[in-house]
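Chain A is the first sequence line, chain B the second, and so forth, proteins listed ahead of strands; every chain is numbered from 1.
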Amino acid sequence: MGNTIWMPQLSTAQCSGCGECIANCPTGALGWIQGKAALLYPERCSYCATCESTCPTGAIALPYVVLKAKGE
Amino acid sequence: MPFSLADHLRQLAYFEGQNSAVLERMIHSAVSHSASAGETLFLEGEQAAGLWMIQTGRVKIYKLNPQGQEHILRIFGDYDTFNDISAFDGGANPANAAALSDTQLWVFPTHVFQECIQRDGIFALRVVQVLSGRVRGLIRQIENLTLYSVTVRVARLLLNQVDDPALTGTGVTRAALAAHLATTPQTISTALREIELTGAIEFDRHQIRILREDLLRSIAML
Ligand code: SF4
Ligand code: SF4
């Protein structure tokens, strides 16, 4: 693992604690820490971006890079 | 087979299952109109003549921007009706119409339509249903238009990003992309998925790999 940059980034300040992301995460990677959503099981995360799309406050962000496939 | 306006009308959603009184009143008031290719049928802002129906041919509904550039909103063909809204509210034409081919048309005057609505509850209900269907269609169209343009813009951005490392990496998220393109992360996700389905790109966790740049370029309309 190690590289935490390429993981969903959760902002505790922006999180309202609505639980939408936790309920919608297909892999169960998210959970609660003191009333706020957190990435409890990063190894489960499939980077599907569902949490980012469902969060009503924009508290979750999934960074990405764009690359050319080899041979292109 | 000779043309029968009654048979033609019965195929329109407005008159399905209507009693013959309404149909007869319409047929009686209908004005036939021929237009050759390129001929203007009506202009935006003019008082509407009524509901138009195409017997045969093609008609474009369009708007002009201040520079005079034309933007076609819809193209209609055989059996289609158009300018419904102004026929019912008696207002002005919301856009321009012109024949794309030699076209045979019929116009049903506004006052006859309004009279039938007042007299016949079943016809009035049918009109409401048809108009509701149109509104739903327009909403879908707006959705598609929005999505379409977002997809094009996302494709362009991906091409820029791959050439400029500064535009990609941490901090560059769908949310940021969405703000840049003035839309929502959900729409961005849908657009990305749509592009992925074409085979132009592939997702691998945090990596978006461009598999076929030529295809992505064509999606980006470049
Ligand atoms: S959806 Fe957003 S606001 Fe709600 S708990 Fe998850 S991160 Fe917090
Ligand atoms: S990206 Fe998908 S799998 Fe990962 S935490 Fe969000 S919803 Fe769960």
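Looking at A:Thr54, neither its backbone nor its side chain comes within 4.5 Å of chain B, counting heavy atoms on both sides.
Sparse packing is recorded around CD1 of B:Ile122, with 12 or fewer heavy atoms of other residues, nucleotides or ligands lying under 6.0 Å away. Residue A:Gln34 qualifies as open at atom CD: its count of foreign heavy atoms under 6.0 Å is 12 or below.
Note that OH of A:Tyr64 and CG of B:Leu192 are 7.0 Å apart. Values are rounded to the nearest 0.5 Å. Summarising the geometry, atom CG belonging to A:Leu67 is positioned 7.0 Å from atom CZ belonging to B:Arg209; distances are rounded to the nearest 0.5 Å. Distance CD1/B:Ile208 to NZ/A:Lys68: 15.0 Å, rounded to 0.5 Å.
The shortest heavy-atom contact between B:Ile210 and A:Val66 is CD1-CG1, 3.8 Å.
For the pair B:Gln186 (side chain) and A:Ser53 (backbone), a donor-acceptor distance under 3.5 Å is present. A donor-acceptor contact shorter than 3.5 Å is absent between the side chain of B:Arg205 and the backbone of A:Met7.
In this pair, B:His206 and A:Tyr47 present their aromatic rings perpendicular. The plane angle is above 60°, beyond the 30 to 60° band.
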